[in-house]
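Protein chains get the first letters and strands the later ones, always in sequence-line order, with residue 1 at the start of each.
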Number of protein chains: 2
Amino acid sequence: MARKSTDRSGRPTLVDVAKEAGVSAITVSRTIRSPEIVSAAARQKVEAAIRKLGYTPDPAASALASHSTSTIGLLVPSLTNNVFSDVLRGVYDGVEGTRYFVQIGNYRYSALEEEGLIRNFLSQRPAGLVISSMDQTPAARALLESAPCPVVQIMEIADRAVDMSVGFDQLAAVRAGARHLFDCGYRRPGFLSARMDPRAQRRLAAFRDFNEAAGVLDDRRIMTTPQPSSVGMGRLLMEQLLSRAPETDAVMCNNDDLAVGALMEAKRRNIPVPSMLGICSFNDIEMVRQMVPSLTAVASPRREIGVRAIAMLLAEIAEPGSVADRHVDLGYQMIARESTSRR
Amino acid sequence: MARKSTDRSGRPTLVDVAKEAGVSAITVSRTIRSPEIVSAAARQKVEAAIRKLGYTPDPAASALASHSTSTIGLLVPSLTNNVFSDVLRGVYDGVEGTRYFVQIGNYRYSALEEEGLIRNFLSQRPAGLVISSMDQTPAARALLESAPCPVVQIMEIADRAVDMSVGFDQLAAVRAGARHLFDCGYRRPGFLSARMDPRAQRRLAAFRDFNEAAGVLDDRRIMTTPQPSSVGMGRLLMEQLLSRAPETDAVMCNNDDLAVGALMEAKRRNIPVPSMLGICSFNDIEMVRQMVPSLTAVASPRREIGVRAIAMLLAEIAEPGSVADRHVDLGYQMIARESTSRR
DNA sequence: TTGAAAGCGCTAACAA
DNA sequence: TTGTTAGCGCTTTCAA
């Protein structure tokens, strides 16, 4: 008997705090969650007791009783991709100082794994979900549509978002890059892309469309691979491109890694950039502008996407339906640097 | 009344499954957690019922009743640092397919924030903890020492680890780099380091010790900054180094970003690498070997550290005290490439 | 503004 | 091998 409260693991409970403060357990609970509805006198007694006992709430008990946790689930397709490490940073900056935690799920560019992770997250009663794709399986979409928590889809702007979304117009961004190459006078542009997930496919399509309209499309200059993106892959694709289409005078790279690789391969072959070869990158991680020559890039607002996604989620958690702008376009930037400045 | 089970959110509970299968709740619980101790007949009925109802266990209830979760806490000092993104990848590869989840805490190179995160994680009854540093506050150390779960400290090998550790000998690794520069004939080596956390300080000390013994130390050639590491910072430090000590004929960089930056700065100034300037990097992320010229580096087993840390944790969770090698040295590799090959 | 009672959905401990 | 009983530590009613 008497194995009530302060016994197991010596950790104090709400009841211990209540006894110490001479109030009921629920008053302690309220003092923690919404201090404003508790009288100042009670609050002070409770706060003193909490401090004295070193009380920390048990999130499991809270989750069980309230049917919700402080966990925000974040689904990303990859952990190695630099793009997502910036988004991640934004997300963590966004939850900093709040009572929320982020749990990352990596679905490795597999829609099926993504579906499993969504199911899994949902069973944990998350406070909210951030999802990096628009291309779920029908089952996954159905799960999200009936999710008991807010959901933000990130990276793209799209009408097909389930609940909220924040990103930028990926296709317009690619077109801006293609147009930039054209405007710089390059007339035999190529395209390099790894990891051909649906988003990469769409970007390639946008590149083709623009160049076709401009009368400079040649599919021989489009080099892709399903393998992951890396600097080494950029070198390899560049090498293949140049052997297949030696006339190529510019490349649009679907990713910063590839662009750096393309630059290195050009350097190895003593092909002068930008005079003989123009290079335009996509995303614009820090290293890109430090290259010599510095690389022109279409910059994506990766960190901001993360920060904003969390802000939207938190607002919606605090007051469901309160977020007015449910689909936010953060824009992109065309940043011209040395790698395309022929004039 | 009758608001028992399948009502709130329509989600089925253990009791629903038990009724459907015609067994007791605890039998369902056992079927899920340790199927081998349940009769085949019961197991099949339960499994069918689970499938029929689409039952998913509630982790909060489980955590409350059992006093432990499936969460593995991972504390990292930074999310931008490439080094940790590889460790992260290893960690996620390690938990892949297990019932465990990873929750990342970013303490931003602050021992105080780290202490707060440890406290926070511990209040969530984690299954295990992975910590990226050896330099906790005394309070944080005390928390870890009395943690009710296994703890693995990663990156370094050190006798002062609280419970288990996996990493490599950081000081020997730096000495290997310094020796390599010396062996290549460089006699006026410099050192570049950003983010002077305790680990970076120790590596710098190792560099000084080696060069002092070799008779080639000059503190004017040591350039450091408390700011974060980046390619741009590498360029800046290199620039400062060259203007302060123009005689410098080699640099050991405390981080891959810095080494790439140093290479770019050399390129901009038309300083030939490796003939006039040798460069040795530390960690060896993919991009390093794709540079032109390729960069010599001391390679750290980052992904392996993550994988191994999880393996040790899981083994220890499954059977406390079962991990025999509690302090694992995964070694480093000195990889000579073009950036130091003068001969 | 405060409290009492009744669970949330699961598992530990014991008994059969 | 299976079941019964009694909570885990909190929050949700509802009442005062």
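Side-chain N/O atoms of B:Ser29 include one lying less than 4.0 angstrom from OP1 or OP2 on C:dT11. Remark: A:Ser24 is in phosphate contact with C:dG3, judged by side-chain N or O atoms under 4.0 Å from OP1 or OP2.
In this structure, the CG atom of B:Leu64 is 9 Å from the C1' atom of D:dG7, given to the nearest Å. A straight line from CG of B:Asp16 to P of C:dG9 spans 9 Å, rounded to a whole angstrom. A straight line from NE2 of B:His67 to C1' of C:dG9 spans 14 Å, rounded to a whole angstrom. As a whole-Å value, the separation of A:Leu14 CG from D:dC10 P is 5 Å. We find that CD1 of B:Ile26 is positioned 13 Å from C1' of D:dG7, with the value rounded to whole Å.
Taking 3.5 Å as the limit, the base of C:dG3 and the side chain of A:Arg30 contain a donor-acceptor pair of atoms between them.
One finds no salt bridge joining B:Glu20 and B:Lys45 here, because no Lys/Arg side-chain nitrogen approaches an Asp/Glu carboxylate oxygen to under 4.0 Å. Taking a cutoff of 4.0 Å between a charged side-chain nitrogen and a carboxylate oxygen, A:Arg125 and B:Asp58 qualify as a salt bridge.
End-to-end axis angle of the helix from C:dT1-D:dA16 to C:dA16-D:dT1, from C1' rotation axes over five pairs per end: 20° (rounded to 10 degrees).
Within a heavy-atom distance below 4.0 Å of DNA chain D, the residues of residues 31-50 of chain A found are A:Arg33.
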Would you mind writing out the side-chain donor-acceptor pairs for residues 88-102 of chain A within the sub-3.5 Å range, not counting sequence neighbours?
from: A:Tyr92; atom 1: OH; to: B:Ile104; atom 2: O; distance (Å): 3.3
from: A:Asp93; atom 1: OD1; to: B:Arg108; atom 2: NH2; distance (Å): 3.1
from: A:Asp93; atom 1: OD2; to: A:Arg303; atom 2: NE; distance (Å): 2.9
from: A:Asp93; atom 1: OD2; to: A:Arg303; atom 2: NH2; distance (Å): 3.0
from: A:Glu96; atom 1: OE1; to: B:Arg108; atom 2: NE; distance (Å): 3.4
from: A:Glu96; atom 1: OE1; to: B:Arg108; atom 2: NH2; distance (Å): 3.0
from: A:Thr98; atom 1: OG1; to: A:Val95; atom 2: O; distance (Å): 2.7
from: A:Thr98; atom 1: OG1; to: A:Tyr100; atom 2: N; distance (Å): 3.1
from: A:Arg99; atom 1: NH1; to: A:Ser70; atom 2: OG; distance (Å): 2.4

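Here B:Pro57 lies in heavy-atom contact (under 4.0 Å) with sugar-phosphate atoms only.
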